[in-house]
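Below: one structure, written as structure tokens.
Below, all heavy atoms of this structure are taken into account, side chains as well, without hydrogens, waters or symmetry copies. Bear in mind that the values here come from a model prediction, so they are computed numbers and not experimental data.
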Amino acid sequence: MEVSRRQFVKATAVSLAMAAAGMGTATLAGCAPSGGEGASGSGESTFTSGVCRFCGTGCGVICEAKNGRLVSVTGDPDNGSSRGLNCVKGYYLSNVLYGEDRLTVPLIRDDPYTKGTDEGLREATWEEALDLVADKLKTAYKNDVSRIAFWGSGQQPIAEGYLTAKFWKAGLLSNNIDPNARLCMASAVVGFMNVFQTDEPAGSYDDLENADVFVTWGANMAEAHPVLYSRLTAHKLSGEGVKHYDLTCYRTRTSESADKVLIFRPGSDIAVANAICNYLIQNDLYDHAFVEDHLQFKQGTENLGDAFDDGYDKSEVGSKVDAVESIGFEDFAARLEPYTLEYASELSGVPVDDIRELADVFADPSKKVMSLWTMGVNQHNRGTWMNHCIYNIHLLVGKIAKPGNGPFSLTGQPSACGTAREVGTFCHRLPADLVVANPQHRRFTEAIWNLPEGYLDPISKPGFHTTKMFREMSKGNIDFMWTAHNNWAVSAPNLTRVLGVDPAYQGIYSTFIVVDEVYPTNSTRYADVVLPAALWVEREGQFGNGERRTTIFEKAVDPPGEAKWDLWILLQVAMRVLEGETIDGEDAFNRLFGFVFDKEKGDFISDDEKEINGLIWEEYRTFSNPELNERAQAINMDADGTFEAKLKMEAKQLAPYEEYRSAHGLTWPVREVDGKWLPTKWRFANGSQEEGFDPYGVEKYGKTGLANDVCFYKAKDLKPSVVFRPYEPPAQEPSEDYPFWFSTGRLLEHWHTGSMTMRVPELKRALPESLLYMNKQDCADLGIKDGDTVRVTSTYGTFEINVSTSGRVDPDPGMTFAAFFDEKRLINLAVEDIYCPLSKEPDFKKTCVRIEKA
């Protein structure tokens, strides 16, 4: 649907009004600057609706194109997530398409030993490049399917992610596929699944206008989610007595507006959370009715150690990480007893009175509390455990699934939820929260994909998770690696090993690496084939954001040169690799992909990208709406007696494709009521669907009169789990040789590895390089001053960087921070690749380093 001029003007007016109201430049959403030549041409402007290409907020945008070029981007007031706002990156969004060095033709490397240099890649035709990629993949997969891998992304649109998962899991029968969301959201995913048996938050961004108290746990929202932070601060400044507590290891821009900053020793947040739970129980401040009606209690395996070694997952302790056992409430309370306020304060450094004050806030029945967290919680050697601990607090006081009350995990990438989490691109999952290890889930997937029963049984065990994948590649145990929508040669932890800097690990030279990209990056410097991809609105697609909102971005302009839609690239390779393969006597490619791709003409069945996306969406939608498919309806999803599989279907119902276009995005579950498809803002909360509530549980199971009037869809008493998780120390702690903590993250001007934002001149000028933020006294003790170059060294590797004591990030003594957007300073050369045993998410926040003047 094209956006009218009236809507465009309306968006601009809303944006400028927000700016005039004091929201500041970081939230300005007025007309963006020109995208370059053609802006003043004589052609008519066209307007299309979309969603921002950067973080997981999911800001709606209206794109203006003129003379075949994107010339401006403005906020979309009809998008429920952003309400017309964009941050400074969104303000310059049109410019990311027009960097001078866009990749426009396929590139091939003939000599693998030129990897890591700026030499060795030559131009090639699409036919040559596709034939080479397909030949290498087919040979590797035929020889040993365990030696192929695909590393995808939370930046991959939903349709691409869905068909990639289908190709890898059904076409190649391989689970060696994982997204870069493993590096940012996996701990949140496993936490949700452990607690609720269904993924993603119960609330929505509307909680930002309904809460009385905000608690940020390891979340620099002001820099990483600025539009949401604008909504938070606007509500805080409303004069209604709203408060904000910031729990963090170092002061950030988010700390500046907090009423109280609680700085804790790295890794000790679990002790603080347990102390709050203990305080609530010991002082009889928990919600008795909610606990009785809704909760069950568990404890898990302890003393898990840390994933230093390649073989950790198969070790005796590694194989037991997911084990839990049921306990009673009294047992749970007893396990918490050692976590007094004094003990937590001793471990964390947070004053006793501050922990008590925060516990009293959670206990106050008149206060609605919203907890928000990002990488400080997830990128943690006990990241899943810390997710559990935040849920434990909210569940004990019944502050969940109601406006303003809830634990809310923020997402870092535009479709880390919609693509990475929802369509099955994790190595252990299938679409719609299903998992490969469950036979009923595989039967159901076979039914939808029209596969014979038992066809997917060879993929009944998870494949390589991200860290395992790169460790195996470094040892030469991966023959073929395909990566898309990511820059792994900057973002992966322990790059010293991954990139073969460590002479013991140089498998990168024997692995055939394919990279889908839009610009030359550090990853393309290690690729054997580079495939030039269309970027963002150069094709149609969909993103799923952090509040469960699926939004379509419409095609606005054509890609440059010979760059192609990723989906076309994927299916061209699949067509070649599956040549000669059959399923039940039928051509395998046609069986899997014939509904969108014509093998005879080697192209999509239609030139209309809306139609192609719609067809893919409708097949994917069947996973959450099984009544659309007779074969799916015939599968007994309750066969194992847990109801878990059927629960997932009911929890994630989706609307027809065109509904998302006309509504500018919808939050699932989307239910059909009187012929209208209505989104849900608060899952599990009984009430009017028209007002955003979710009466489905009560309507389905007849559970009324429960505390807080919520129903968690549990027909067989599968209540949400409160899981006791003890404090265990970080994998590394400072020593005489490595006395400083080093943490990584994002800053406002740049996004992730900077491959797009560093090509926007205004953003690059604003923050031209990554800096090491240090405490002034630490600098004085080392004889270092602002601007000096230092060498940062860990047990993993080393890098050089300039120092800043500007206070933008203001660490206490012994703590340091640098953002990872700068390819000229590969800070991940020194970052540990130790991961949470449950989620397999690496800990980017607690590497121990020494710092010397270079």
Side-chain angles (χ1 to χ4, degrees), residues 1-35 39 45-66 70-97 204-206 208-209 221-235 410-411 414-415 536-537 542-543 545-547 549-554 556 660-667 748-749 751 756-757 760 762-763:
M1 180 194 71
E2 287 198 351
V3 179
S4 69
R5 181 69 187 175
R6 183 197 63 79
Q7 290 172 306
F8 178 80
V9 172
K10 177 184 173 186
T12 304
V14 169
S15 305
L16 295 176
M18 294 302 298
M23 302 305 291
T25 359
T27 57
L28 179 64
C31 277
S34 167
S45 290
T46 58
F47 300 92
T48 52
S49 66
V51 62
C52 182
R53 178 60 180 75
F54 296 126
C55 81
T57 299
C59 296
V61 295
I62 295 172
C63 299
E64 179 187 11
K66 195 172 186 179
L70 194 63
V71 296
S72 72
V73 170
T74 190
D76 179 0
D78 293 322
N79 177 277
S81 294
S82 55
R83 302 177 177 178
L85 292 177
N86 279 163
C87 77
V88 68
K89 290 189 294 295
Y91 181 74
Y92 289 108
L93 186 55
S94 60
N95 294 34
V96 303
L97 273 63
S204 67
Y205 296 160
D206 279 36
L208 292 165
E209 283 77 36
M221 290 179 67
E223 305 251 31
H225 295 87
V227 167
L228 297 181
Y229 190 66
S230 295
R231 290 177 61 173
L232 184 157
T233 52
H235 183 45
L410 295 171
T411 308
S415 201
W536 187 44
V537 293
Q542 322 81 27
F543 288 150
N545 77 351
E547 66 167 348
R549 183 180 301 277
T550 302
T551 307
I552 293 171
F553 57 91
E554 298 178 293
Y660 294 87
R661 192 186 309 278
S662 59
H664 292 230
L666 295 168
T667 50
L748 175 65
E749 293 86 349
W751 193 71
M756 290 179 286
T757 54
V760 177
E762 295 84 353
L763 296 176

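Taking both residues in full, the closest heavy atoms of Gly546 and Thr411 are given as CA-OG1, 3.3 Å, listed atom of the first, atom of the second, then distance. Across every non-hydrogen atom of Met221 and Leu410, the tightest pair is CG-CD1, 3.8 Å. Scanning all heavy atoms of the two residues, the minimum distance from Leu748 to Ala222 falls at CD1-O, 4.2 Å. Nearest approach of Cys63 to Val73, heavy atoms of both residues: SG-CG2, 4.3 Å. Between Arg231 and Glu209, the shortest heavy-atom contact is NH2-OE1, 2.6 Å. Taking both residues in full, the closest heavy atoms of Tyr660 and Ile552 are given as CB-CD1, 3.9 Å, listed atom of the first, atom of the second, then distance.
Residues Glu762 and Asn95 have side chains in contact (heavy-atom distance under 4.5 Å, counting atoms from C-beta outward). By the 4.5 Å heavy-atom criterion applied to side chains, Asn545 and Ser81 are counted as neighbours. In this structure, Phe553 and Val61 have side chains that are not in contact, with every pair of non-hydrogen atoms separated by 4.5 Å or more.
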Exercise for the section: Determine, step by step, whether Cys52 and Leu93 satisfy the side chain to side chain contact (heavy atoms under 4.5 Å, CB included) criterion, reporting the C-alpha distance in whole Å, the side-chain angles of both residues, the deciding distance to 0.1 Å, and the verdict. Expected result: CA-CA 8 Å; Cys52 182; Leu93 186 55; 3.9 Å; yes

Problem - Test log, rule side chain to side chain contact (heavy atoms under 4.5 Å, CB included), inputs Arg661 and Glu554 - result: CA-CA 9 Å; Arg661 192 186 309 278; Glu554 298 178 293; 3.1 Å; yes

Practice task
Tell me, with the steps shown, if Phe543 and Arg53 meet side chain to side chain contact (heavy atoms under 4.5 Å, CB included).
Solution key: CA-CA 9 Å; Phe543 288 150; Arg53 178 60 180 75; 4.1 Å; yes

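Put simply, OG1 on Thr48 and CG on Leu70 are 7.5 Å apart, with the number rounded to the nearest 0.5 Å. To the nearest 0.5 Å, the span separating OG on Ser72 from OH on Tyr91 amounts to 10.5 Å. To the nearest 0.5 angstrom, Phe47 atom CZ is 10.0 Å from Thr74 atom OG1. Here Thr550 contributes atom OG1 and Gln542 contributes atom CD; the two are 8.5 Å apart, rounded to the nearest 0.5 Å.
Of the possible donor and acceptor atoms, none in the side chain of Thr57 sits under 3.5 Å from a partner among the backbone N and O of Cys59.
With respect to Cys87, the side-chain contact (heavy atoms from CB on, under 4.5 Å) criterion is satisfied by exactly one of Pro226, Ser82, Cys55: Pro226.
Residues Glu64 and Ser45 bring a donor and an acceptor atom of their side chains to less than 3.5 Å of each other. If you check the side chains of Asp76 and Ser49, you find no donor sitting under 3.5 Å from an acceptor.
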